[in-house]
K.L.:
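After the structure tokens below, expect a handful of questions from me.
Numbering starts at 1 and runs along the sequence shown. Everything numeric here is computed off the predicted structure, so don't read it as measured data.
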Amino acid sequence: MSDLRELYQQLILDHSKKPRNFVKLTGANRTAEGHNPLCGDHITLYLQVEDGVVQQIGFQGSGCAISKASASMMTDSVKGKTTAEADIIFERFHDLVAGEKEKAGDPGALGKLVVFAGVREFPVRIKCAILAWHTLRAALEGKAEPISTE
Ligand code: ZN
């Protein structure tokens, strides 16, 4: 477990213990569900999108610390952004944890999300970290089917 412990940095622990935007939005006009069968992570995402801007975002679910912290920080980082900006952050985050290192671009643009860079060393954990983001994309695309990382 010592390798994993390095992953659980202060920020990740903080977000997993006290997830931000951990609420079911009553006024949501986009929702999506995501599941990571490998770890048992489950998330339901609620978005209120108006004029192409993510006005409100919330999530519910259960899972490991990485999946919860990732969902918490994802909601923080896309709130108030346009759906196009949210898509760009998705791409950058995906490159950070699962892409080729050379293509990762400027990690500074991700802000606090760079704490997940260590996840790429642990393939099993990549799906935990990326789950909320795939669910976000499904919600923005209006997909009705629950998404799965498998
Ligand atoms: Zn997990």
K.L.:
Answer yes or no: is there a donor N or O on one side and an acceptor on the other, between the side chain of Arg30 and the main chain of Leu47, under 3.5 Å?
P.N.:
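No: the side chain of Arg30 does not pair with the backbone of Leu47.
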K.L.:
Within the distance-only criterion (no hydrogens, no angle test), does the side chain of Ser72 pair as donor or acceptor with the backbone N or O of Arg20 below 3.5 angstrom?
P.N.:
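At least one qualifying donor-acceptor pair exists.
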K.L.:
Using every non-hydrogen atom in the two residues, find where Cys128 and Ser70 come nearest and quote the distance to one decimal.
P.N.:
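Distance-wise, the nearest heavy atoms are O-CB, 4.5 Å.
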K.L.:
Evaluate the side-chain proximity of Leu131 to His35: yes if any heavy-atom separation is below 4.5 Å, no if none is.
P.N.:
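Not touching, per the 4.5 Å side-chain cut-off.
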K.L.:
How long is the span from the CD atom in Gln55 to the CG atom in Asn29, to the nearest 0.5 Å?
P.N.:
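Reported value, rounded in 0.5 Å steps: 10.0 Å.
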K.L.:
Using the salt bridge (Lys or Arg N to Asp or Glu O under 4.0 Å) criterion, which residues pair with Glu141? Sequence neighbours excluded.
P.N.:
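Glu141 satisfies salt bridge (Lys or Arg N to Asp or Glu O under 4.0 Å) with Lys143 once adjacent residues are dropped.
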K.L.:
Main chain of Cys64, side chain of Asp41: is a donor-acceptor contact present, judged purely on distance under 3.5 Å?
P.N.:
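Here the side-chain-to-backbone pair exists.
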K.L.:
Taking only residues two or more places apart in sequence, or in another chain, which ones meet Lys18 in a salt bridge (Lys or Arg N to Asp or Glu O under 4.0 Å)?
P.N.:
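Result, salt bridge (Lys or Arg N to Asp or Glu O under 4.0 Å) vs Lys18: Asp14.
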K.L.:
Under the rule for side-chain hydrogen bond (donor to acceptor under 3.5 Å, both in side chains), what residues qualify as partners of Glu91, not counting sequence neighbours?
P.N.:
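For Glu91, the residues satisfying side-chain hydrogen bond (donor to acceptor under 3.5 Å, both in side chains) (neighbours in sequence not counted) are Arg137.
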K.L.:
For Gly61 and Phe22, which heavy atoms make the closest approach, and how far apart are they?
P.N.:
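It is O-CZ, 3.6 Å.
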K.L.:
Check the side chains of His42 and Gln60 for a donor-acceptor pair under 3.5 angstrom, ignoring hydrogens and angles.
P.N.:
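No, His42 and Gln60 have no side-chain donor paired with an acceptor closer than 3.5 Å.
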K.L.:
Give, for atom OG of Ser77 and atom CH2 of Trp133, the distance between the pair rounded to the nearest 0.5 Å.
P.N.:
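So the gap between those two atoms works out to 3.5 Å.
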